[in-house]
Amino acid sequence: MLKASYAIPNLPPPGVEETPAVLRALAQAHRHLAELKGRAASIPNQGILIDTLALQEAKASSEIENIVTTQDELFQANAFPENPASPAAKEVARYADALRHGFVEQRRLGGLLTNNMIIAMFQMLKRTDEEFRNTPGTALKNDQTGEMVYVPPQEGSAVRAHMAALERFINEDETSDLDPLVKMAIVHHQFESIHPFSDGNGRLGRIINVLYLTHSGLLDVPVLYLSRWITGRKGEYYRLLQAVRDSEGAAEAWEAWLLYMIRGVAETAKGTLALIEGMRVLMAEYKQRIRAEHPKIYSQDLLNNMFRHPYTRIDYVERELGVSRPTATKYLDMLAEAGFLDKQRFGRSNYYMNQRLVALFVGGAA
Ligand SMILES: Nc1ncnc2c1ncn2[C@@H]1O[C@H](COP(=O)(O)OP(=O)(O)OP(=O)(O)O)[C@@H](O)[C@H]1O
C-alpha cells in the first residue's frame, strides 16, 4: 500500500502565525473585500450577478483541470440544456450547478459549510454516488513527468476523521481566533492535503474558498472567486502548497502560502469590483436607451432578462415576463434589430446574445 507523504496536522496548524507581513496583506485584502461586499449589496439584482459570475467561475476553475470549453459553448450549454453540448461544456455547467447548490444549502443551514454539503457538491460535479474515498491507491502525479508528487492519507477511516476535524474547524468559531482569511487559506491547504475524493478535489477546494467567505460573513453572496488568480499562477500554487508539506509545516512555508492566498483575495476583489461596475454602467446605459428608443417594450423585467442570461431565448422571456410567445419573439427581434442583442441560430432555435456583457466577462479581470 502507498505510504502517506505528509502527516495531516491538527487545526490550526502549529506553524501558522499572523506575522507583520501577513497582517499587512490582511489589512489590504479586508479593505477591498469590504468594498466588494458593499457594492454587491447595493446592486438591485444580485441574482443576475450571482448566476453570471458562477458560470464565469465554473469556466476558470475547470481550466485548471484542462477541461477546455469556450465561453460561447458554455453559455449555450446553459441556455440550451436540452441540446447535446460538448462533454467539456457539460462538466463546466455541472460545476456551476454544484456551486449554486452549495450556496442555497448554506443559506438553508444558516451559514454552515458541512461535509454533507461538500459530498453533495462532489456528487453533482462528478455525477456519481461515491462519497469520501474508501479505498487506498490515490496519489498525485506530475502531469508532465508522471513522477509521484504527493501521497494523501490512504485509509478511508483516516480520510473521514480528518474531514470531521476540518468540518469542526470551519464551523466552530471557538476552535481558533485567527483571521477568517487566514482560516480560509488553512482550510484550502488542509482540504487539498486530505484529498478526500477520487477526483475533483481541486475544483471542490476552490468552491469551498468562496463558501467560506460567505460562511464567515466577509461576503453576503458568493461573488469572489480565486480560480483565475490560481490558474494564472498555477506553478506557484502547487509549489507553495507542497512547500508546507515538504518542510513539515515550517512557519516560513505557511507564511508564503498565506500571503499567496490573501493577495489573491485582494487582487480578485479589485477585479470583481471593476467587473460589477462595468455591468452596472452597461445596464444603466441599456435601460436609458431602451426606455427612450423603445418605450413600448421596455420593462425592468426585460432588462433583467438580458443581463441574467448572456444568451437569452424566447421561452425565457415568455416565462420571466409572463408574455405570449409572439410577444416575446417581437421584443427580442426588436432588440436585435436595434443592436442591443445579437441574434444567432443554434440547431433549430434562435438565441440572442448580449455581446457587450459577454465581452465584459471574457475580458474582465475577475
Ligand atoms: N503537489 C501538488 N501538485 C499538484 N496538485 C496538488 C498538489 N498538492 C495538492 N494538489 C491539489 O490537488 C488538486 C488536483 O486534485 P484533483 O485532480 O482531484 O482535482 P481536480 O479538480 O480534478 O483538478 P484541478 O485542481 O487540476 O482542477 C490541485 O488543484 C491541488 O489543489
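One-based numbering, in listed order, for ligands and for the atoms of each.
- A salt bridge links Glu285 with Arg356; the closest basic N to acidic carboxylate O contact falls under 4.0 Å.
- For Ser247 and Glu252, the side-chain atoms include no donor-acceptor pair closer than 3.5 Å.
- Every N/O-N/O distance between His188 and ligand 1 stays at or above 3.5 Å.
- Counting only residues at least two apart or on different chains, the ring pair (Phe, Tyr, Trp, His ring centres under 6.0 Å) pairs with a member in residues 202-222 are Tyr212-His215.
- Ligand 1 is never approached by Gly205 to a heavy-atom distance shorter than 4.0 Å.
- For ligand 1, the polar-atom distance check against Leu241 finds no nitrogen or oxygen pair separated by under 3.5 Å.
- Ligand 1 is never approached by Phe197 to a heavy-atom distance shorter than 4.0 Å.
- For Ala139, the side-chain contact (heavy atoms from CB on, under 4.5 Å) partners are Leu2, Met148, Val151, not counting sequence neighbours.
- When only non-hydrogen protein atoms are considered, atom 16 (P) of ligand 1 lies nearest to Asn201 N, 3.7 Å.
- Under 4.0 Å from ligand 1, the heavy atoms of Leu140 that appear belong solely to its side chain.
- For ligand 1, the atoms sitting less than 4.0 Å from at least one non-hydrogen atom of Glu192 are 11 (C), 12 (O), 13 (C), 30 (C), 31 (O), numbered in the order shown with element in parentheses.
- Using bins of under 30°, 30° to 60° and over 60° for the plane-to-plane angle, the ring pair Phe340/His294 lands in the perpendicular bin.
- For ligand 1 and Tyr237, the ligand atoms under 4.0 Å from any heavy atom of the residue are 29 (O), 30 (C), 31 (O).
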Full working for salt bridge (Lys or Arg N to Asp or Glu O under 4.0 Å) between Glu57 and Arg206: CA-CA 10 Å; Glu57 156 64 8; Arg206 295 188 288 276; 5.4 Å; no

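- Protein heavy atom closest to atom 20 (P) of ligand 1, with residue, atom name and distance, is Glu65 OE1, 3.4 Å.
- Side chains of Glu320 and Asn305: a donor on one and an acceptor on the other come within 3.5 Å.
- Looking only at protein heavy atoms, the nearest one to atom 15 (O) of ligand 1 is His195 CE1, 3.2 Å.
- Shortest contact from atom 27 (O) of ligand 1 to any protein heavy atom: Arg206 NH2, 2.8 Å.
- When heavy-atom distances to ligand 1 are checked against a 4.0 Å cut-off, Arg203 comes that close through both its backbone and its side chain.
- The neighbour count for Glu248 CD, taken as heavy atoms of other residues, nucleotides or ligands under 6.0 Å away, does not exceed 12.
- With a heavy-atom cut-off of 4.0 Å, Arg245 touches ligand 1 through its side chain alone.
- More than 12 heavy atoms of other residues, nucleotides or ligands shown are found within 6.0 angstrom of NZ on Lys234.
- Salt bridge annotation for Glu318-Arg313: absent, with no cationic side-chain nitrogen under 4.0 angstrom from a carboxylate oxygen.
- Residues Glu277 and Arg39 are paired through a salt bridge, judged by an N-O separation under 4.0 Å between the basic side chain and the carboxylate.
- Ranking protein heavy atoms by distance to atom 4 (C) of ligand 1, first place goes to Tyr238 CD2, 3.2 Å.
- Of all atoms in ligand 1, listed by their number and element, those nearer than 4.0 Å to a heavy atom of Gly202 are 13 (C), 15 (O), 16 (P), 19 (O), 20 (P), 21 (O), 25 (O), 29 (O).
- Looking only at heavy atoms of the protein, atom 1 (N) of ligand 1 is closest to Gln242 OE1, 3.0 Å.
- The protein heavy atom nearest to atom 17 (O) of ligand 1 is Asp199 OD1, 3.7 Å.
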